[in-house]
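Atoms within each ligand, like the ligands themselves, are counted from 1 in listed order. The analysis underlying the following values was restricted to heavy atoms, covering all of them including side chains, and did not include hydrogens, waters or symmetry mates.
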Amino acid sequence: MHLPSKETLDPSNWNEIRALGHRMIDDMIDYLQGLRDKPVWQQPTAKVKKVLNRSLPQEGQPAEEIYQEFLSYILPYNKGNIHPRFFAWVQGNGTPLGMLADMLASGMNPNTTIGDHVAMYVEQQVIDWSKEMFGFPETASGLLVSGATMANLTALTTARNSLKDLQIRVKGTDDKLTVYCSSETHICVIKATEVLGIGSERTRIIPVTDTFQISVPALVAKIKEDIKAGFRPFCVVGNAGTVNTGAIDPLEEIYQICKEFGLWFHIDGAFGSLAKLTPKFADKLKTIEKADSLAFDFHKWLHVPYESACVLIRDKKLHQAAFSSVPNYLSAHERGLAAGPEPLTNYGIELSRSFKALKVWMSLKEHGIQKYGRLVQQNIDQAQYLGEKILQTPHLELLVPVSMNIVCFRFNNSQHSEEELNQLNKEILMRLHESGIAAPSYTIIQGKYAIRTNITNHRTRLEDLDLLVNTILEIATNLLIKVVEFDPNNPTHYQAFKEINYAWINKYFKVEQGDLDSLENPVKYFIATGGAVLLACRGDEILGTTALKPIGDNSLELCKMGVSQAARGLGIGHAIGDAAIKKARELGAKRLYLETNSSLSPALNLYKKLGFSRVENFISPYVRADVAMEMYL
Ligand SMILES: *Cc1c(COP(=O)(O)O)cnc(C)c1O
């Protein structure tokens, strides 16, 4: 007889996996503790992509080796939303205990759907706490889902299926149904109506005011127009914090309209509804307590690890009626494992579900709701700080008044067309991401490309926002520098060449007659001898200059490279250095040479970065220099 094999997925050596597990925890705690000093983001390398393009493993490999691959190819290329300077989209950071809770939940690994087991009760507890948090009645129902996308879909399904006369679960959808939401509504709401067979066309997109809130008169007019035309309005989706700008729709007015026309009032409060935990927004968001349904995320402003969100439905019976179907294989018993609370499948689409309630339960217990409220407030205050800083900073333009935690702004030095500004700001953002220093995202505000800084981050400090602003200004300055050739007919060019270089020489050396002569007449000393003079400009301002001078045997000397005092440290030296090397090539030189003084170490570093190498034992008649450098072109 052939006996079944004794294979299992458990380790053959439990001590090894225990030791590896301990190391993993140590490594991850170190990683979280040291986040601030790491780049927000780094692009996955070609090697990483290659590693992740291998064929299906046929045989196993030791866990230790796999973990090494994780450390080399996966961990360093994280998205970055856990970082203190991640400001993109609306995303949460997670917490150390949340991470550990996920491990515990995976260890228990209960399929949280039916049966008399503890995960069912933990989830119920979390739903009850959520109702309390938002002032929903005790009789309301709810479900934990992956994200606000699923929460919105679940709520809208309930709203649609609540139209009893249509018997939609039996007969399919009706082609007269219409839904209403503002043009700032999250795309997942539109996707939900598409999935529900309402379609994007009958999802009436209502225009917004200049503060990005739904226009109430336009909403009422559209509802009336639709009723007149034979449509059947059934639901309005209000926003408690739009994803673009954090705007809160006039919820109380929408509620009154829903009451008047007998419509379901759903609120997408993915992140913004959590502002209800703060004193200032508690009143503004009080209407949430009267909504028919609410979608919100735990993984955004409450920083529970992904994925964790919740839908609350005021009328439990309608929630059940929208989803419950109990086939034989799921029917409940009086006792045993198959007894217990009502199956959660009666409240949503998914059958198999993870024990995501555990990380929510542990997180809420660890910090208490008061602290979450203070952290939300901290982010709102930080957004105010950033907004004010932008208003006070020349060349930065606030594009929308800060309404909650989102700050939309752009670089604008009033010297560019709208189209140029859009390109410029996009380039600034891409370079900012590549720098690894900070990661805001972007949006378009009335046709203007905006750098969108969303602060739902328990790790952000004010210094992080200062660094964000300074880095953007620095990148913008670098981007705006143009290096042009000296124009002998332009008197400002003579003036700038003389002034900038004179100030520079005078600061570090003694000015000599030869300097004065060549500064006075750069055409004669540089251009007429076959060299060149270059100027670095930002708009009409000249910020730096340099000159190239032929010195025989196919060589040019790079001399007199000055940057105006006000523009030091903005990368102008780099820009002119690059342009000078390019120009030397154009002039056919084979070697570029320069002499400088070793006490000017920033200049030396810059030349090294540009590719110059030091020449040892040089003898020079040029008494003020002690370092010679050259590069072969
Ligand atoms: C993030 C967000 C969503 C989508 O939520 P997920 O959790 O990403 O599925 C919906 N609406 C708003 C306003 C959001 O900010």
Could D174 and R232 be called an ion pair, given the rule that one side-chain N must be under 4.0 Å from one carboxylate O?
no

Per-atom contacts of ligand 1 with G241, taking only distances under 4.0 Å to non-hydrogen atoms
13 (C)

I'd like to check whether D268 has a polar contact with ligand 1, where a contact means an N/O of the residue lying under 3.5 Å from an N/O of the ligand.
yes

Run the numbers for me: atoms of ligand 1, each under 4.0 Å from some heavy atom of V243, listed by number.
15 (O)

Of the backbone atoms (N, CA, C, O) and the side-chain heavy atoms from C-beta on, which set of A270 has a member under 4.0 Å from an atom of ligand 1: side chain, backbone, both, or neither?
side chain

Between T149 and ligand 1, which residue portion shows a heavy-atom distance shorter than 4.0 Å: side chain, backbone, both, or neither?
both

Using only heavy-atom distances, determine whether the side chains of Q213 and T211 contain a donor-acceptor pair under 3.5 Å.
yes

Numbering as shown, the atoms of ligand 1 that approach F271 to under 4.0 Å (heavy-atom distance)
15 (O)

Lys/Arg-Asp/Glu bridge criterion (N-O < 4.0 Å) met for K290, E252
yes

Does the plane of the ring in H458 sit parallel, tilted or perpendicular to the ring in H303? Use 30° and 60° as the thresholds.
perpendicular

So is C188 in contact with ligand 1, going by heavy-atom distances below 4.0 Å?
yes

With only distance considered, is N152 within less than 3.5 Å of ligand 1 through an N or O on each side?
no

Output yes when the distance from some N or O of ligand 1 to some N or O of A148 is under 3.5 Å, and no in every other case.
yes

With a 4.0 Å cut-off, would you call K356 and E123 a salt bridge?
no

For G147, the ligand 1 atoms with a heavy-atom partner under 4.0 Å come out as 7 (O), 9 (O)

Quick look: W89 vs ligand 1, heavy-atom contacts under 4.0 Å, and the answer is neither

Contact region, M150 to ligand 1, non-hydrogen atoms below 4.0 Å, reads neither

Taking the six-membered ring of F231 as reference, does the cationic atom of K176 (NZ for Lys, CZ for Arg) lie under 6.0 Å from its centre and within 45° of its axis?
yes

Measure up the F323 and H319 rings against each other and bin them: parallel (under 30°), tilted (30 to 60°), perpendicular (over 60°).
perpendicular

Assign the ring pair W129 / W361 to parallel, tilted or perpendicular, where the plane angle (0 to 90°) is split at 30° and 60°.
parallel

Does ligand 1 have any atom that is closer than 4.0 Å to a heavy atom of K300?
yes

